[in-house]
Amino acid sequence: FIDGGTYSESLVLSSGVNLLGGFDSSLGWRRNGATTQVFGGTTAVLGSSISDVVIDGLTINAASNTAVGGSSYGVRLLSPTNVLIKNSAI
């Protein structure tokens, strides 16, 4: 579970580990719909050869890539299996 709030970091996904936003730890980790935002680098969330992952209730923002021809990825998945992204904005 992830507490509602703003996080300035990039995330690397691991198989079998879910990212569930919108919780409030001060209320016993009850889901109250609090906004959970991630502001990452040019790849905000990366998953490589991962499986069985759910991303739910996150707002994900990637930094702009200022390099000529450079790319930015909110979520970048390489060879994933059984990954579900729901109730999220990227």
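Model, not experiment: these values are computed from the prediction.
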Is the side chain of [X] donor-acceptor paired with the backbone N or O of [Y] at a distance under 3.5 Å, no angle test?
| X | Y | result |
| --- | --- | --- |
| S72 | N65 | yes |
| S51 | S15 | no |
| D3 | S25 | yes |

Once rounded to the nearest 0.5 Å, what's the spacing between atom [atom1] of [X] and atom [atom2] of [Y]?
| X | Y | atom1 | atom2 | result |
| --- | --- | --- | --- | --- |
| L58 | K86 | CG | NZ | 12.0 Å |
| D24 | R30 | CG | CZ | 8.0 Å |
| I90 | I60 | CD1 | CD1 | 5.0 Å |
| L77 | L46 | CG | CG | 8.0 Å |
| L78 | I50 | CG | CD1 | 9.0 Å |
| N18 | I55 | CG | CD1 | 9.0 Å |

I need the minimum non-hydrogen distance between T42 and A62, along with the two atoms involved.
O-CB, 4.0 Å
Under the salt bridge (Lys or Arg N to Asp or Glu O under 4.0 Å) test, residues paired with R31 that sit two or more places apart
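Partners of R31 under the salt bridge (Lys or Arg N to Asp or Glu O under 4.0 Å) test: D56.
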Should L27 and N32 count as side-chain neighbours, where that means a heavy-atom distance under 4.5 Å?
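Yes, at least one pair of side-chain atoms sits under 4.5 Å.
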How about V45 and L13: do any of their side-chain heavy atoms sit closer than 4.5 Å?
yes
Flag yes if I85 and L20 sit in one hydrophobic cluster, no otherwise; membership is Ile, Leu, Val, Met, Phe, Trp, Tyr, and two members link when side-chain heavy atoms are under 4.5 Å apart.
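Shared cluster, no.
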Answer with yes or no whether the hydrophobic clustering places V83 together with L19; edges join I, L, V, M, F, W, Y residues whose side-chain heavy atoms lie under 4.5 Å apart.
yes
Please test T59 against V38 for side chain to side chain contact (heavy atoms under 4.5 Å, CB included), starting from the C-alpha separation and ending with a verdict.
CA-CA 6 Å; T59 300; V38 175; over 6 Å; no
Would you list the pairs meeting ring pair (Phe, Tyr, Trp, His ring centres under 6.0 Å) in which at least one residue belongs to residues 6-27, sequence neighbours left out?
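For residues 6-27, and leaving out neighbouring residues, the ring pair (Phe, Tyr, Trp, His ring centres under 6.0 Å) pairs sorted by first residue read F1-F23.
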side-chain contact (heavy atoms from CB on, under 4.5 Å) partners of D52, counting only residues at least two apart
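Listed in chain order: N82.
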